[in-house]
J.: 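Handing you this structure, nothing more for now.
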Number of protein chains: 2
Amino acid sequence: MSDTPQRQQSKRPRVTIVDVANSAGVHVSTASRALNPGTSHRISSKVVRKIEKVAEQLGYKRNSLASSLRTQKTGTIGLIVPNLSDPLFSPIIASVEERVAQDGYVTFVANSDYSPAKLRSIVERMSGQFVAGLVVASFELNDPSVDLCLELGIPTVAVLRDPRDARISSVAMDDASGVQAMVEHILDLGHRDITYVTPPLAASTAQNRLVGFNAATRLAKAAGCRFNVVEARAYDVVEGERIMTDMLASGLTSTAVLAFNDLLAVGCLVALKSAGVACPGQISLTGVNDLPFMNMLSPPLTTLHTAGRDLGFESADLLMSLIKNHVQPVKRVLLTPHVVLRGSTGPARKSEPTSDPSSIAARSGAITV
Amino acid sequence: MSDTPQRQQSKRPRVTIVDVANSAGVHVSTASRALNPGTSHRISSKVVRKIEKVAEQLGYKRNSLASSLRTQKTGTIGLIVPNLSDPLFSPIIASVEERVAQDGYVTFVANSDYSPAKLRSIVERMSGQFVAGLVVASFELNDPSVDLCLELGIPTVAVLRDPRDARISSVAMDDASGVQAMVEHILDLGHRDITYVTPPLAASTAQNRLVGFNAATRLAKAAGCRFNVVEARAYDVVEGERIMTDMLASGLTSTAVLAFNDLLAVGCLVALKSAGVACPGQISLTGVNDLPFMNMLSPPLTTLHTAGRDLGFESADLLMSLIKNHVQPVKRVLLTPHVVLRGSTGPARKSEPTSDPSSIAARSGAITV
DNA sequence: ATGAAAGCGCTAACAA
DNA sequence: TTGTTAGCGCTTTCAT
């Protein structure tokens with residue numbers, strides 16, 4: 001760390017539209033019209049060209065604050081995620097930003113930290129900044145902030161997590177069917193005692209995945225299989241490790257563990273390794289999201305792929321059209337997650353009665369189903 | 001995907017400070033002063049309380065656009081990164097956002113996509129939004145956008161990548177010393193033929209790491225060791241795989257490969273596995289950054305730890321004080337990366353003459369040096 | 001096709 | 001301590 005001379009800001013006075021008008025020898029309103037795509041056709045093209053030239057020469061930049069104050073429109077949208085550090089949100093952030101930039105919008109990003117109270121205050125703050133719209137990945141089920149957004153009149157689209165409010169559009173993964181497919185894969189492998197690790201059911205993701213698990217297991221349960229749900233308190237690796245350690249300590253009988261997401265699954269994997277339990281030899285393990293590097297773990301993690309870029313793009317696209325057409329049908333988009341078969345799932349260790357003992361999927365490399 | 005009834009926005013008329021003043025029976029300016037932390041002490045506390053109560057009841061929210069237009073100050077800062085999808089930037093984004101939120105600022109995030117031209121246009125766009133300051137992780141060496149920021153009078157702090165401009169503060173990792181430490185670790189393991197994979201030298205990170213590599217190898221080179229630098233064209237996994245595949249095809253003699261970053265290293269690892277080359281048995285491999293899950297790879301990757309949260313926090317902190325005190329000494333902060341020893345590095349495969357054949361570091365688990 | 005004038009909502013001299 | 005007044009830079013009726 002080194003200190004050097006004083007720093008100076010030049011801060012030259014900014015060129016305004018008045019300067020442009022004066023230099024061009026026209027009235028401000030003429031300059032304004034000429035410089036606005038929507039109104040420039042009302043000005044003779046000769047004058048438009050002249051004004052544009054002068055503006056260019058003077059280095060004129062529109063003051064978007066003043067413009068927005070007058071028009072009651074801003075070129076900004078807000079993106080709220082529950083955890084900025086979770087790699088799951090990186091592609092969502094990137095693709096939302098890309099999509100809205102196509103329409104000239106810039107993106108505010110904020111972190112709600114899985115707290116409805118923080119979400120509320122962020123919405124208020126962003127409303128104060130007059131965002132043109134909001135993409136929200138932080139909504140819980142029946143989140144009161146949905147009301148807030150609607151009251152404030154902010155066009156809002158939910159992404160990833162769906163608050164299940166009939167008044168609001170959403171783009172999410174079809175979690176239920178995804179988990180269902182995963183359970184079927186596990187059953188195909190001959191597992192007859194399966195544990196699912198769920199977080200608290202605050203969000204749609206948590207609820208839908210549990211629904212999917214229960215739906216998939218209903219029939220098998222009648223046939224004598226054992227299914228078990230364990231509740232985690234968080235969504236991260238540390239919690240996954242804690243959960244699995246606990247389960248092992250209290251005599252886990254399951255031969256397969258499905259985790260709510262990859263982070264919990266990775267935590268489980270850490271715990272398994274520490275305990276010297278083979279995966280998938282003794283216990284098969286799966287996650288959800290297919291985060292970066294999940295294909296590089298040892299064993300590579302079988303998981304459901306979450307199309308982060310698609311989620312972000314679709315939701316931003318929906319928001320853009322919502323902003324353009326002030327009234328619009330509510331859409332509820334569901335993207336289908338696909339099972340990515342990798343090395344963390346394998347045949348059940350104890351041979352149990354199986355109606356269909358064949359179909360053991362190949363597991364070399366990553367096979368997408 | 002389902003369509004349902006029409007959606008409606010309520011968009012009730014917004015309460016202004018005039019409404020508050022009228023309801024409270026005072027003049028607008030009094031209301032303004034009462035509602036501003038900096039001036040409320042000039043108003044009798046009785047009146048302040050009354051105004052605050054009325055504002056609360058009416059649901060008054062300051063119009064920050066109008067406020068900013070008048071004061072020429074905004075509560076927004078810009079954060080520009082070269083790749084929003086790279087997990088490296090997640091903790092930087094999160095911590096910058098957290099730090100500036102402490103001072104009531106919201107954060108614009110944008111992706112420059114490793115393009116100086118895009119960076120320039122983003123800076124211009126953000127300047128148009130009147131950001132109070134900029135944290136930039138996208139600067140290349142002698143980046144022309146530095147001039148632009150200075151001309152526009154925007155307080156700017158560089159993070160991670162240092163443009164090496166005497167007029168601008170920066171917070172970065174001490175890349176040179178980090179790589180130097182890494183080379184020493186590799187030499188200690190007995191390696192005498194080492195390859196370093198560098199990206200193009202556009203950024204300070206690339207240049208400094210190469211400098212560190214060269215400095216560390218200078219003496220050893222005189223003692224007959226072989227060092228070799230290979231240039232990659234990008235920073236990602238795919239490129240790492242390509243590079244390593246190429247090197248193997250053209251008869252790689254090195255027993256250790258140092259990659260510019262973890263992504264390249266992971267790519268190299270993929271190629272090694274495909275080619276059936278043992279790591280670290282035949283080739284040791286290292287990365288830089290210590291991205292999430294690098295400790296879970298097989299083998300776990302030896303790397304330099306980049307303190308993303310510290311980088312973000314420090315740079316944002318610097319920016320906040322730069323905004324407060326309009327003139328301020330330029331600071332150049334360097335954080336020390338530490339070597340994280342893991343399983344991807346081991347003793348050299350061919351025993352070569354070694355001046356110091358002892359000191360083979362333990363490699364079970366992650367040991368931080 | 002262009003000019004005149006008002007005003008978006010707020011803050012900050014200047015008065016009193 | 002409070003009120004008066006002007007104006008940040010822009011867009012947009014309403015005239016001409």
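So you know, we letter chains A, B, ... as the sequences are listed, proteins then strands, and number each from 1. Just so we're clear, the structure is a prediction, and the values are computed from it rather than from any experiment.
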J.: Rounded to the Å, how far apart are A/N22 CG and D/dG9 C1'?
T.: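 My rounded result for the distance is 13 Å.
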J.: Out of C/dC8, C/dT11, D/dG3, which nucleotide sits closest to the side chain of A/Q72?
T.: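 Looking only at heavy atoms from C-beta outward on A/Q72, the closest nucleotide is C/dC8.
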J.: Within the 4.0 Å heavy-atom criterion, would you say B/Y60 contacts the bases, only the backbone, or no part of the nucleic acid?
T.: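 The residue B/Y60 makes sugar-phosphate contact but no base contact.
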J.: Distance check needed: C/dA1 P versus A/K50 NZ, whole Å only.
T.: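 Roughly 18 Å, once rounded to whole Å.
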J.: Heavy-atom distance under 4.5 Å between the side chains of B/K61 and A/S127, does that happen here?
T.: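 Not in contact.
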J.: Identify whether the distance between the nearest side-chain nitrogen and carboxylate oxygen of B/D147 and B/R120 falls below 4.0 Å.
T.: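 Answer for the salt bridge query: no.
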J.: Start at the 5' end of DNA chain D and walk down; is the nucleotide closest to B/S29 or to B/R42 reached first?
T.: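 In this pair, the answer is B/R42.
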J.: With the side chain of A/H27 defined as its heavy atoms from C-beta on, choose the nearest nucleotide among C/dC10, C/dG3, C/dT2.
T.: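 Of all the options, the side chain of A/H27 is nearest to C/dG3.
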J.: Starting from P on D/dG9, measure out to CG on B/N63 and report it in whole angstrom.
T.: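 The distance from CG of B/N63 to P of D/dG9 comes to 17 Å, rounded to the nearest Å.
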J.: What's the closest nucleotide to the A/T16 side chain, out of D/dT1, C/dG3, D/dG9?
T.: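 Out of D/dT1, C/dG3, D/dG9, the nucleotide with an atom closest to A/T16's side chain is D/dG9.
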J.: B/R62 has a side chain; which of C/dT11, C/dG3, D/dG9 sits nearest to it?
T.: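 Selected nucleotide: C/dT11.
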J.: Hey, does the side chain of A/D317 reach the backbone of A/F313 with a donor-acceptor pair shorter than 3.5 angstrom?
T.: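 Not at all, since once roles are kept as given, no pair shorter than 3.5 Å links the two residues.
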J.: Of the options D/dT4, C/dC8, D/dT2, whose atoms approach the side-chain atoms of A/L69 most closely?
T.: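 Side chain of A/L69 sits closest to C/dC8.
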J.: Nearest 0.5 Å, please: how far is CD1 in A/I17 from OG in A/S32?
T.: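 Reported value, rounded in 0.5 Å steps: 4.5 Å.
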J.: Expressed in angstrom and rounded to an integer, what is the separation of B/L35 atom CG from C/dG9 atom P?
T.: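 Atom-to-atom, B/L35 to C/dG9, this comes out as 16 Å.
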J.: Any donor-acceptor pair, under 3.5 Å, between the side chain of B/R33 and the base of D/dG3, if you only look at N and O atoms?
T.: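 Yes.
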J.: Where the side chain of A/A66 is concerned, which of D/dG9, C/dA5, C/dT11 is the nearest nucleotide?
T.: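 Out of D/dG9, C/dA5, C/dT11, the nucleotide with an atom closest to A/A66's side chain is D/dG9.
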J.: By nearest atom, which of the nucleotides D/dT1, C/dG3, C/dT11 is closest to the B/S32 side chain?
T.: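 Within the option list, the nearest is C/dT11.
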J.: What's the CG-P distance between B/N36 and C/dC10, to the nearest Å?
T.: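 From B/N36 CG to C/dC10 P: 10 Å.
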J.: Within this structure, what is the CG-to-P distance between A/L65 and C/dT11, rounded to whole angstrom?
T.: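 For the pair A/L65 CG and C/dT11 P, the rounded distance is 13 Å.
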J.: Could you please name the option among C/dT11, D/dT2, D/dC10 that lies closest to any side-chain atom of A/S67?
T.: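 Nearest to the side chain of A/S67 among the choices is D/dC10.
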J.: Expressed as a whole number of angstroms, how long is the span from A/I17:CD1 to D/dC8:P?
T.: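 Atom CD1 in A/I17 sits about 14 Å away from atom P in D/dC8.
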J.: Side chain of B/S44 only, heavy atoms from C-beta on: which candidate in D/dT1, C/dC8, D/dC10 is closest?
T.: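 Selected nucleotide: D/dT1.
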J.: For A/K73 and D/dG9, what is the distance between atoms NZ and P respectively, to the nearest whole Å?
T.: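 About 23 Å, once rounded to whole Å.
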J.: Has A/S23 got a side-chain atom pairing as donor or acceptor with A/D19's backbone, closer than 3.5 angstrom?
T.: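 Yes, A/S23 side chain to A/D19 backbone: donor-acceptor pair under 3.5 Å.
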